Q: 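Have a look at this one before I ask anything.
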Amino acid sequence: MKNAIRYFLFLIAFSSFAQEKLSVYFDFDQHQLNETAVKKINSWIAEGKDYQVTKLYGFCDWKGTNSYNDTLALQRVNEVYNFLIASEIDVIKDIEIRGFGENFEQSPVQGENRRVTIIYQVKNKVAEVEKKLETINELPKESLKDKIKGAKKGDVIKLDNIYFFNNSAKVVPKSEPTLYDLLCVMVDNPKLKIEIQGHICCKRPDEYEVISTARARAVYNYLIRGKIDRSRMTFKGYGVSRPVYKIPEKNALEEDENRRVEILILEN
């Protein structure tokens, strides 16, 4: 029941965190904001919400060379960026700026391709999400011992709070409590046999990946050092073949869910 409540609150928080978009359109072969675009941005500003702009994407129609359209797309982005700054809109310091030129799925209506898309969030919504996430974290969590106790053959259990240094199989120190809990569970349940499964995020499904295997092996080696019999454990890396969320992920939350270590119950 506790897990169901936590999951429900997570969904509420996640849905609230979705970023919003505003697109403005440009005249053919122009990067200056036209009157219609200025009115649209000003109307958006006039809503009086506490905006925070996180990304600016520029696009062009297919006419002209790729190089020319790439440059024009970025000129349009810069035009919008400068207008937002002049209008005292909060634009984050490390804003993501991209010019797609004509390299995107073009609309058959050429005017829709000549645009800049402003991606933003409303700050008070962000604050609400942070409060909801705090509530989720305050809920008492089911211990690994309890999860194992109720598990049967074929069940998969995620090991919470297992973290690795970037692009490596070296476990960060704050993961030690979870590893120790797993070791204790293995000691207390001598009939328990498991497969340790490593998963990663942020890669194309057809890419070969060894990091997930190395991370699963790192957990395996920790248990070996804790005197757990090798015959009770196997390990395997699944790369990105079993994502929780479709790759490429939409945000950091989805990346975190995909980047994980799990155990498959073989015998209990």
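Please read these numbers as outputs of a predicted model, since none were measured by experiment.
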Q: Got a donor-acceptor contact below 3.5 angstrom from the Asn34 side chain to the Ala37 backbone?
A: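 Between the backbone of Ala37 and the side chain of Asn34 there is a qualifying donor-acceptor contact (under 3.5 Å).
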Q: Under 4.0 Å between a Lys/Arg side-chain N and an Asp/Glu carboxylate O for Glu176 and Lys174?
A: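 Salt bridge: no.
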Q: I'd like to know whether the aromatic ring centres of Trp44 and Tyr120 sit less than 6.0 Å apart in this structure.
A: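 Between Trp44 and Tyr120, the centre distance is under 6.0 Å.
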Q: State whether Lys147 and Asp160 are salt-bridged, where the test is any N-O pair (Lys NZ or Arg NE/NH1/NH2 against Asp/Glu carboxylate O) under 4.0 Å.
A: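 So Lys147 pairs with Asp160 through a salt bridge.
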Q: With a sphere of 6.0 Å drawn around CD of Glu35, does it hold more than 12 non-hydrogen atoms of other residues, nucleotides or ligands?
A: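 Counting other residues, nucleotides and ligands, CD of Glu35 stays at 12 neighbours or fewer.
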Q: Is there a donor-acceptor contact under 3.5 Å from the side chain of Ser175 to the main chain of Tyr163?
A: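 Present.
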Q: Do Leu84 and Val53 have side chains that approach each other closer than 4.5 Å (heavy atoms only, starting at C-beta)?
A: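 Touching, per the 4.5 Å side-chain cut-off.
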Q: Do Leu179 and Leu264 land in one hydrophobic cluster if side-chain heavy atoms of ILVMFWY residues count as linked below 4.5 Å?
A: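 Hydrophobic grouping puts Leu179 apart from Leu264.
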Q: Hydrophobic cluster membership, with links at side-chain heavy-atom distances under 4.5 Å among I/L/V/M/F/W/Y: are Leu223 and Val187 in one?
A: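 Hydrophobic grouping puts Leu223 with Val187.
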Q: Do Gln32 and Glu79 make a side-chain contact, defined as non-hydrogen atoms from C-beta onward lying under 4.5 Å apart?
A: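 In short, these two side chains touch, coming nearer than 4.5 Å.
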Q: State the NZ-CD distance between Lys158 and Glu257, to the nearest 0.5 angstrom.
A: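 That separation rounds to 4.0 Å.
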Q: Do Arg114 and Asp27 come within less than 4.5 Å of each other through their side chains, counting heavy atoms only?
A: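 No, every pair of side-chain atoms sits at 4.5 Å or beyond.
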Q: Which distance, rounded to the nearest 0.5 Å, do you find between the CG of Leu22 and the CD1 of Ile118?
A: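 Reported to 0.5 Å precision, the distance equals 4.5 Å.
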Q: Using the side chain to side chain donor-acceptor pair (under 3.5 Å) definition, which of the options Arg215, Arg242, Glu262 pairs with His199?
A: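 Exactly one pass, corresponding to Glu262.
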Q: Any side-chain heavy atom of Ile119 sitting closer than 4.5 Å to one from Thr117?
A: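 In contact.
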Q: If every non-hydrogen atom of Cys201 is compared with every non-hydrogen atom of Glu255, which pair is closest and at what distance?
A: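 Shortest heavy-atom separation between Cys201 and Glu255 comes out as CB-O, 3.6 Å.
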Q: So is Lys250 actually on top of Tyr245's ring, under 6.0 Å and inside 45° of the axis?
A: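 Not flagged: Lys250 not positioned over aromatic ring of Tyr245.
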Q: For Glu88, is the CD atom crowded, meaning more than 12 foreign heavy atoms sit under 6.0 Å from it?
A: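 Result for CD/Glu88: open.
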Q: Between Glu249 and Ile247, is any pair of side-chain heavy atoms under 4.5 Å apart?
A: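 Yes, close enough: below the 4.5 Å cut-off.
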Q: So, for Asn69 and Cys60, which heavy atoms are closest and what is the spacing to 0.1 Å?
A: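 Minimum heavy-atom contact is O-SG, 3.2 Å.
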Q: Are Leu56 and Tyr25 grouped together when hydrophobic residues (ILVMFWY) are joined by side-chain heavy atoms under 4.5 angstrom apart?
A: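 No.
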Q: Supply the atom-to-atom distance Ile263 CD1 to Asp155 CG, rounded to the nearest 0.5 angstrom.
A: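 So the CD1 of Ile263 and the CG of Asp155 are separated by 10.0 Å.
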Q: Hey, what's the ring geometry for Tyr57 with Phe100, parallel, tilted or perpendicular (30° and 60° as the breaks)?
A: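 It falls in the perpendicular class, over 60°.
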Q: What are the two closest heavy atoms between Leu33 and Phe26, and how far apart are they?
A: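 Of all heavy-atom pairs spanning Leu33 and Phe26, the closest is CD2-CZ, 3.8 Å.
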Q: Under 3.5 Å, is there a donor-acceptor pair linking the side chains of Asp181 and Thr178?
A: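 The answer is no; no qualifying pair exists.
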Q: Provide the closest heavy-atom pair for Leu74 versus Arg98 in the form atom of the first, atom of the second, distance.
A: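 Taking every non-hydrogen atom into account, CD2-C, 4.1 Å.
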Q: If you count every heavy atom of other residues, nucleotides or ligands that lies below 6.0 Å from Tyr180 atom OH, does the total exceed 12?
A: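 Not more than 12 within 6.0 Å, no.
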Q: Does any non-hydrogen side-chain atom of Phe83 lie less than 4.5 Å from one of Ile41?
A: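 Yes, side chains in contact.
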Q: Start with the C-alpha gap between Asn78 and Gln75, add the side-chain angles, then the distance that decides, and say whether side chain to side chain contact (heavy atoms under 4.5 Å, CB included) holds.
A: CA-CA 5 Å; Asn78 288 334; Gln75 288 175 331; 5.6 Å; no
Q: Is it possible for you to say whether Phe104 and Ile97 belong to one hydrophobic cluster, with membership spreading through side-chain heavy-atom contacts below 4.5 Å?
A: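 No: no chain of side-chain contacts under 4.5 Å links Phe104 to Ile97.
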Q: Compare every heavy atom of Ser212 with every heavy atom of Gly239, then report the nearest pair and how far apart it is.
A: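 Closest heavy-atom pair between Gly239 and Ser212: N-OG, 2.9 Å.
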Q: Could you give the distance from OG1 (Thr213) to CD1 (Ile200), rounded to the nearest 0.5 Å?
A: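 With rounding to 0.5 Å, OG1 (Thr213) is 9.0 Å from CD1 (Ile200).
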Q: If you draw the axis of the six-membered ring of Phe59, does the NZ or CZ of Arg115 fall within 45° of it and under 6.0 Å from the ring centre?
A: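 Judged by the rule (NZ or CZ under 6.0 Å from the ring centre, within 45° of its axis), Arg115 counts as positioned above Phe59.
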Q: Would you kindly say whether Tyr68 and Asp70 are connected by a side-chain donor-acceptor distance under 3.5 Å?
A: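 There is no such pair (donor and acceptor under 3.5 Å, judged by atom type) between the side chains of Tyr68 and Asp70.
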Q: Give the minimum heavy-atom separation between Ala218 and Ala169, together with the two atoms involved.
A: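 Ala218 and Ala169 have their closest heavy atoms at CB-O, 3.5 Å.
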Q: Test Tyr81 against Val91 for side chain to side chain contact (heavy atoms under 4.5 Å, CB included), laying out the working first.
A: CA-CA 8 Å; Tyr81 176 86; Val91 178; 3.7 Å; yes
Q: With no hydrogens and no angle check, do the side chains of Glu195 and Gln197 hold a donor and an acceptor under 3.5 Å apart?
A: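 Yes.
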Q: Before accepting this row, confirm whether a basic side-chain N of the pair Asp229/Arg232 lies closer than 4.0 Å to the acidic partner's carboxylate O.
A: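 The answer is no: the pair does not qualify as a salt bridge.
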Q: State the CD1-CZ distance between Ile211 and Arg259, to the nearest 0.5 angstrom.
A: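 One gets 10.5 Å once the value is rounded to the nearest 0.5 Å.
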Q: Are Arg230 and Ile224 close enough, and set up right, to give a side chain to side chain contact (heavy atoms under 4.5 Å, CB included), and what steps lead you there?
A: CA-CA 7 Å; Arg230 297 173 187 268; Ile224 292 294; 3.2 Å; yes
Q: Taking atom CG of Leu266 and atom CE of Met233, what is their separation to the nearest 0.5 Å?
A: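 The CG atom of Leu266 sits 11.5 Å away from the CE atom of Met233.
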Q: Step by step, would you call Ile194 with Met186 a side chain to side chain contact (heavy atoms under 4.5 Å, CB included)?
A: CA-CA 9 Å; Ile194 61 173; Met186 295 296 289; 3.9 Å; yes
Q: For the residue pair Ile196 and Lys236, establish whether any side-chain heavy-atom pair is separated by less than 4.5 Å.
A: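 Contact flag for Ile196/Lys236 side chains = no.
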Q: For Gln106 and Asp61, which I'm curious about, is there any donor-acceptor pair between the side chains at under 3.5 Å?
A: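 Side-chain D/A pair, Gln106 to Asp61: absent.
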Q: Within the distance-only criterion (no hydrogens, no angle test), does the side chain of Lys63 pair as donor or acceptor with the backbone N or O of Asp29 below 3.5 angstrom?
A: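 Not confirmed, Lys63 side chain does not pair with Asp29 backbone.
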Q: Let me check something: do Ile157 and Tyr220 share a hydrophobic cluster, defined by ILVMFWY side-chain heavy atoms less than 4.5 Å apart, either directly or through other members?
A: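 Hydrophobic grouping puts Ile157 with Tyr220.
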Q: Between Ser107 (side chain only) and Val109 (backbone N and O only), is there a donor and an acceptor less than 3.5 Å apart?
A: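 Yes; judged by distance alone, with no hydrogens or angles, the pair exists.
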Q: Would you call Val244 and Glu254 a side-chain contact if the rule is heavy atoms closer than 4.5 Å?
A: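 A side-chain contact is absent here, since even the closest heavy-atom pair is not under 4.5 Å.
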